[in-house]
Amino acid sequence: MTDRLRFAPSPTGYLHVGGARTALFNWLYAKHYGGEFLLRIEDTDKARSTDESTRAIFEGLEWLGLNWDEDVTYQGANLERHQRDARLLLERGKAYRCFCTAAELEQRRKEAESRKEVFRYDGRCLLLGTEEIERRVASGDPYTIRFRVPGGSTSWNDLVHGEITFPNKDIDDLVVLRSDGTPIYNLAVVSDDIAMGITLVMRGDDHISNTPKQIMLYEALGAKLPTFAHLPMIHGTDGKKLSKRHGATAVGDYQHMGILPETMLNFLALLGWSPGNDIELMSMDEMVQLFSTDHLLKKAAVFDPVKLDWMNGQHLSRASAERLLPVVVAGLGKTGLATPKDVEQRRSWFLSLIDLLKVRSRTVDDIVRQSAPYLRDEITYDADAVAKQWKDRDASARMLAAVRERLATATDWSPAALEELLRQLAESLGVGAGKLFQPLRLALTGQTVSAGIFDVLQVLGRDRSLDRIDAAVRFITKRDAA
RNA sequence: GGCGGUAUCGUCUAGGGGCCUAGGACACAGCCCUCUCAAGGCUGGAACACGGGUUCGAAUCCCGUUACCGCUACCA
C-alpha cells in the first residue's frame, strides 16, 4: 500500500518556515518512498482564518515547488462529518454530553488556581442520569460533547522518537464538539485524517501531547491508526520558538530578499535531517534520492540566516545564467534598471552579465545591485576611491589617456586580448598591473570593487568603455582646474 | 505544578561501545591565489550539560540531576 501524507496548515498567517519544513519532509517522504502528498487547510477557526492567508500558503508552496496531489481539502467543509463522528462517539458511550458552561468552567478554574491547585475537569456530567440528560436536552440547554478518556495508557511507536507512552490518567476528558456544534481541533484532525485515508502523520513535535488524545479518538471511532512522525521545532537564534521578532519568518520574506527556492529547500532540509557523508549542498532531486526517515533528528534546530545566505551564494554560483535570468529580470524591473523588453533585446548580453556577477553574490538582490554600473548611462564615482586612486590627478589623467589610446587600437575585444594589451602597456609604463587596473576600474564602474577588469571591459563593450574613460579624464582635469 | 520531549563546537550537524587525542559546514582569525571583490585552497581557535552506573572499554547503553522546549482551552 502506498502511503498517504498531508500537510495541514491553518490559514492564520503566511507560510512559516517551520510549516514549509514540515511540508517539505512530507513531500520528500512521498517522493522518495512513493506516496501521495495532500494539502488540507484547517480553517475551522473562522475568526482567525483568512482567504489571504490561504492564498499565501498556496503561493509559498508553489514557489518552493512543493506540489500536492489531489484537490485541496478544506476542513471547514467537513462540518457534517465532524458532527456525525461526535454523535457516533456519544452513541457508542465513548463520549458524553457536558452541560457545564464555559463560564462555569472558567469559574472553577479560577477557584482551583486560588487554592494553588491545577484545574481538572471532574467528570461530573458523566454522572448525570438518563432522565435528567433527556430533560435538559429537551429544554434546550446547551452542551458540549466530551470524550471520555479510558483508563490505562496510550503509546505509539513514533517514527522519529521511538516508543512514547502517556498514562491516560493525566489526560482530561476533552471537549470534541463545542456547544455551537463546531468541532474541536483534535476531533476535526482525526475525522479528516481518517476520511482522507492518511497513513503517515508527519508534523511538528509540538503535537506530541495531542497524539495520545488522537489515538484514543481513532480507537473509539474504530479506525485504523496511522503511523506518527514528530519532527523537531525550528527556533530563532536566541533558542526560542521562531517568531516575528526574529525577523523574517515567512518563506515569502526570503523570496523577496532574493533567496532562491532551491536554497530554501536545501537549507530547510538540513534542519532536522541529515543525509550523512558530510553532504550539504543538494538539488531537489538529490534530496529526494537521499531522503530517509532513519536520519530524522529529534533536537530542535536554530534557524541561522547567515548560513542561509552562504548557501544561497553557493546555489547562485551553481545555477545557470539561464535559470537566473527570470528572477534577475524581476529584480531589475523593480529597481528600474531595466525592463523585460530591454532584456529581451539583449538576452545573451544579460546572460553574460549574470555569469559575471552571480559568483560574487549571495542573493538575487546582490546581482541586481551590482549590475547597476553596467546598465546606467551615468555612473557616480565613489569619493573615497577617487581620493585614493586618482590622488595624483595629473598622472592619473595621463595614465587613463594612455590606456584609452591603447585600447582604441584593439582589434579583438575579448578578455584575453585585452589583458595582453593592457599588461604590455603596464610594462612599458613601468608600473605594476594593480597601479593601472584600479584607476581604470574606477573609471569604468565608479568603484574599486568589481568583476575582473577585462571581463568588465568586455561586458561594457568597446564604445562604452572608451566613453567612460574619456568621462573620467574630463572629471579629473575639471576637478584639477577647480 | 503535572505530563511528555530534547541535550556533541556560538550555529547546522557526523557519530548508533573500541576506527574519536570527536569529523564536516557556517561564522571568526591567519596564510595562499590575485588587477579589486568574490569564489577557491590551506591552517587555527572552538563541543560530547552534570553525576552515578553497566562494560575490559562509553559521546554512544541505563538511572538520576539540571537546563531548555511543548502540552495541560468550548485555540489550532
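What you see is a predicted model; the values in this text were computed from it and never measured. Residue numbers begin at 1 in each chain, while the letters A, B, ... track the order of the sequences.
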Remember a base hit wins even if backbone is also touched, and classify [X] as base, sugar-phosphate or nothing at under 4.0 Å, heavy atoms.
X: A:S274; value: sugar-phosphate
X: A:R120; value: nothing
X: A:L297; value: sugar-phosphate
X: A:Q314; value: sugar-phosphate
X: A:G13; value: nothing
X: A:A301; value: sugar-phosphate
X: A:T44; value: sugar-phosphate
X: A:A47; value: nothing
X: A:T101; value: base
X: A:E280; value: base

### Message
Base of B:G5, side chain of A:D205 - is there a donor-acceptor contact under 3.5 Å?
### Response
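There is none.
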### Message
With a 3.5 Å cut-off and heavy atoms only, can you find an N or O donor on one side and an acceptor on the other between the side chain of A:K307 and the base of B:A25?
### Response
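Pair found.
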### Task
Can you figure out which of B:C71, B:C74, B:U6 approaches the side chain of A:S209 most closely?
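Nearest to the side-chain atoms of A:S209, counting from C-beta on, is B:C71.
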### Task
Measure from the side chain of A:H295, starting at C-beta and using heavy atoms only, and say which of B:G15, B:C37, B:G24 lies closest.
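Ranking B:G15, B:C37, B:G24 by closest atom to the A:H295 side chain puts B:G15 first.
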### Message
For a quick test of reading the model: is some side-chain N or O of A:R360 closer than 4.0 Å to OP1 or OP2 of B:U36?
### Response
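Negative; the distance criterion is not met.
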